[in-house]
2 protein chains.
Amino acid sequence: MAGIKDVAAEAGLSVATVSRVLNGHPSVSEDARRRVTAAVEALGYRPNAVARSLRTDQTRTLGLVISDVMNPYFTELARSVEEEARALGYSVIIGNADERPDLQDHHVTTLLDRRIDGLLVSPTDDGSPGMLAAARAGTPMVFVDRWIPGVDVPVVRSDGRSAVRDLVAHLHGLGHRRLAIISGPAATTTGRERVEAFRAALGAYGLPLPDAYIGQGDFQAESGRRVTEGFLELDEPPQVVFAADNLMALGALDAIRARGLRVPDDIALAAFDDIPWFVHTDPPVTAIAQPVRELGRAAVRALVDRIEGRPGSSVTLPARLVVRRSCGEPAAVGPSGGRGIDRPPSPVRRSTP
Amino acid sequence: MAGIKDVAAEAGLSVATVSRVLNGHPSVSEDARRRVTAAVEALGYRPNAVARSLRTDQTRTLGLVISDVMNPYFTELARSVEEEARALGYSVIIGNADERPDLQDHHVTTLLDRRIDGLLVSPTDDGSPGMLAAARAGTPMVFVDRWIPGVDVPVVRSDGRSAVRDLVAHLHGLGHRRLAIISGPAATTTGRERVEAFRAALGAYGLPLPDAYIGQGDFQAESGRRVTEGFLELDEPPQVVFAADNLMALGALDAIRARGLRVPDDIALAAFDDIPWFVHTDPPVTAIAQPVRELGRAAVRALVDRIEGRPGSSVTLPARLVVRRSCGEPAAVGPSGGRGIDRPPSPVRRSTP
DNA sequence: ATCCTCCGTGTAATCGATTCCACGAGGAGG
DNA sequence: CCTCCTCGTGGAATCGATTACACGGAGGAT
């Protein structure tokens, strides 16, 4: 493969001049510029990014370590991150942690070894050794979706509390009183927050959230299935299951179906994180939608700000409730007006399935 | 950040010795080994992969350019590729082409600039300039899922022909006679092959595949919707729509639902590429499943073989039909025996939804 | 005792770029 | 006419590793 020296020889100039042309440095004659361009063309020369990175100490690459690629929420996040990064002149290397702290550490270490310019992480837990080391190491970093308390790094995430309140209002309006939640891992912020938001919203209606109605999941489909089976075996099973992510909702659907029960007639289901497939499940699933694209964009911008020396601040965007049919038909189904929700929620949208 | 020189100083040895310890070179004394290890530990030293790559001319990184990350099929492929690569000591950089040849070229170029050791591609079309250049450039390369005819590169893919025959047998057995297909882009091998396999299978039953029943899609949901709307407006609409990928099936479902029609009563639906959500759609979708994990693994092994100087050969794995309810209930639903398919297909499996 | 081998180690070249510094030519100003 | 800038250019150092080669000392064979 041709190197800069070959180009210099072909153009009859020094490597310094070639480099200057390649980098758009001002003090180069028009003649030299032309000859270099011609030589580059003739040889099909492409600069070696590895050598360039070594010298300049920047790779123009961002690392993105996400908890689970197979989760459509993170897939979409990854996509939007890559898009925004590309627009800003950066590449992205994705690491899939599969909700495993050890795998997460592996990727963080590999990424740091490659001297990426900045790191975007949605941590699997409250701080694996590698993660904490990275935060201290001085590499620009931004948390997205989840974060680690006590670590001084900007966080880009969405606040689901108001959407959860809307959801509970919706459920209460439909007459449901025994509500259960399949939570995420207690070691993640989103795992804890969603339970807390749910409990708080329930409290506003004087409804309890007994321990038996809090199932410990891990954001994977299988745990949703297992927890839901547990719920269904209780003497007094819940009337509603709220899954803290879409994969666990899938598992819950599996478990309910396996029992021969029907949604929403026998039991209602709602999920955190909306995805296109929820429109076509049987029945369409009521879900809380995060502004994923905006989250990805904001995270990249915050990170690039840090990389390029600007402050780079935290961002919190609101999530919103999307009502479908998995919790029961609202009492009134008119095209507008009374939605059958007994307290006026702010940003509820009803999607026609 | 500490470099190898710092480690050498700390250990009171030369950089050469440190490097030898780090790379497990045999001729190093036990004493030196211990001192280096201690120094590395003390300084928290991590070798700079960029510098190492420059010198050794290998990055231990594979590039994976896929047509569309948002398609669960490719997401799963990416995941399995990364897993196998990691097991073999390689990292993976994923590029998402979004079915756009220009974006695909962008990623291929970037990847080549970074001097990845090998490239795994599922090409968006029959050869964009960048793609062909890469194939000629001498970088080890393997095609996965799709390939470019006439380019001498190993191909790892699955053969859906027998599964498509099973599908047509199943449909024919249910009494369907007017069958339509939403094809992929004509510029892709999978786009063409699936139509051909369908046409051939239809031919075996003396059924035609009129042009009006071949809709031009692009593997994205929106095109599935558009094409299906076209089918539904025909004077004689098809009784079955077979989508050549899962995203277009999603779009087809949208279009059918929007018309107020029901699956399978009013129209049947089947798809290429099975995904977990198909179990829970309304109704569960009959699909052709590819052995994605195996495909990913085989592709990586073939590529690494080429990289490390071994031959590296093409692999073709069979796909299989998974019957669900979107084409109608089979006549006999006994636990075993007659499945209602009028010709005995070989590897049909029925999944309990 | 001498010579030859290993063995462990260090010095320095090298990978392919970027960039500091020096240098010569040419123009402007005194 | 001399001096001083500016501009375009080239030489060479540099980034952080790997590795060919040289070298000194220990040990074995003769």
Side-chain angles (χ1 to χ4, degrees), chain A residues 1-37 39-40 43-61 89 109-110 112-117 137 139, chain B residues 1-40 43-61 89 109-117 137 139:
Chain A
M1 191 155 268
I4 198 173
K5 280 202 280 237
D6 305 300
V7 176
E10 173 82 11
L13 290 162
S14 73
V15 294
T17 303
V18 174
S19 173
R20 278 187 279 255
V21 171
L22 261 27
N23 294 292
H25 192 286
S27 112
V28 187
S29 69
E30 203 40 50
D31 173 60
R33 201 174 299 278
R34 259 194 303 275
R35 278 154 67 195
V36 169
T37 314
V40 165
L43 272 53
Y45 168 77
R46 295 250 74 208
N48 183 328
V50 175
R52 187 203 295 263
S53 293
L54 175 59
R55 183 59 232 253
T56 60
D57 198 36
Q58 56 161 346
T59 49
R60 294 208 71 84
T61 300
T109 314
T110 310
L112 256 27
D113 286 354
R114 283 165 188 272
R115 300 303 193 263
I116 47 150
D117 295 340
T139 308
Chain B
M1 192 156 266
I4 197 173
K5 280 201 281 237
D6 304 302
V7 176
E10 173 83 11
L13 290 162
S14 75
V15 294
T17 304
V18 174
S19 173
R20 277 187 278 254
V21 172
L22 261 28
N23 293 293
H25 192 286
S27 108
V28 186
S29 69
E30 202 41 51
D31 173 59
R33 201 174 300 278
R34 258 195 304 274
R35 278 154 64 195
V36 168
T37 314
V40 165
L43 273 53
Y45 168 78
R46 295 250 74 210
N48 183 328
V50 175
R52 185 202 298 261
S53 293
L54 175 60
R55 183 59 232 251
T56 61
D57 199 37
Q58 56 161 348
T59 50
R60 294 207 71 84
T61 300
T109 313
T110 309
L111 257 11
L112 257 27
D113 286 353
R114 283 166 189 272
R115 299 304 192 264
I116 46 149
D117 294 341
T139 308

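Convention: sequence-line order gives letters A, B, ...; per-chain numbering from 1.
R33(B) and P26(B) make their closest contact through NH2-O, 3.8 Å (heavy atoms, listed as atom of the first residue, atom of the second, distance). Across V15(A) and I4(A), no two heavy atoms sit closer than the pair O-CD1, 3.8 Å. The heavy-atom pair separating R20(A) from S27(A) by the smallest distance is CD-O, 4.5 Å. The two residues V18(A) and A8(A) make their nearest non-hydrogen contact at CG2-CA, 3.7 Å. Taking both residues in full, the closest heavy atoms of G89(A) and R60(A) are given as O-NE, 3.1 Å, listed atom of the first, atom of the second, then distance.
Of the possible polar contacts, one joining the N48(A) side chain to the V50(A) backbone as a donor-acceptor pair under 3.5 Å is found. With R35(A) contributing its side chain and G12(A) its backbone, the two residues share a donor-acceptor pair below 3.5 Å.
Rounded to whole Å, atom P of dG16(D) lies 10 Å from atom OH of Y45(B). As rounded to whole Å, 18 Å separates atom P of dA17(D) from atom CZ of R60(B). For the pair Q58(B) CD and dA17(D) P, the interatomic distance rounds to 16 Å; values are reported in whole Å. Between R52(A) atom CZ and dG16(C) atom C1' there is a gap of 11 Å when expressed in whole angstrom units. At whole-Å resolution of the value, CZ in R46(B) and P in dG16(D) are 16 Å apart. Taking atom CG of L54(B) as the reference point, atom P of dT18(D) lies 11 Å away to the nearest angstrom. Rounding to whole angstrom units, CD1 of residue I4(B) and C1' of dG10(C) are separated by 13 Å. Rounded to whole Å, the distance from CZ on R114(B) to C1' on dA17(C) is 15 Å.
Across all strands, T56(A) comes closer than 4.0 Å only to sugar-phosphate atoms, never to a base (heavy-atom distances). Backbone-only contact: N23(A) has heavy atoms under 4.0 Å from sugar-phosphate atoms and none from a base.
Going from atom OG1 of T59(B) over to atom CZ of R115(B) covers 10.0 Å, rounded to the nearest 0.5 Å.
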For nucleotides 8-13 of chain D, give me every protein contact, N/O to N/O, under 3.5 Å, one pair per line with atom names.
unit_1	atom_1	unit_2	atom_2	d
dT9(D)	OP1	S29(A)	OG	2.8
dT9(D)	OP2	S29(A)	N	2.9
dT9(D)	OP2	S29(A)	OG	3.2
dG10(D)	OP2	S14(A)	N	2.9
dG10(D)	OP2	S14(A)	OG	3.0
dG10(D)	OP2	T17(A)	OG1	2.7
dG10(D)	N7	R20(A)	NH2	2.9
dG10(D)	O6	R20(A)	NH1	3.3

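Axis angle across the helix from dA1(C)-dT30(D) to dG30(C)-dC1(D), with five pairs used at each end and values rounded to 10°: 50°.
For the side-chain contact (heavy atoms from CB on, under 4.5 Å) test with S19(B), the passing option among N23(B), L22(B), V21(B), T17(B) is N23(B); the others fail.
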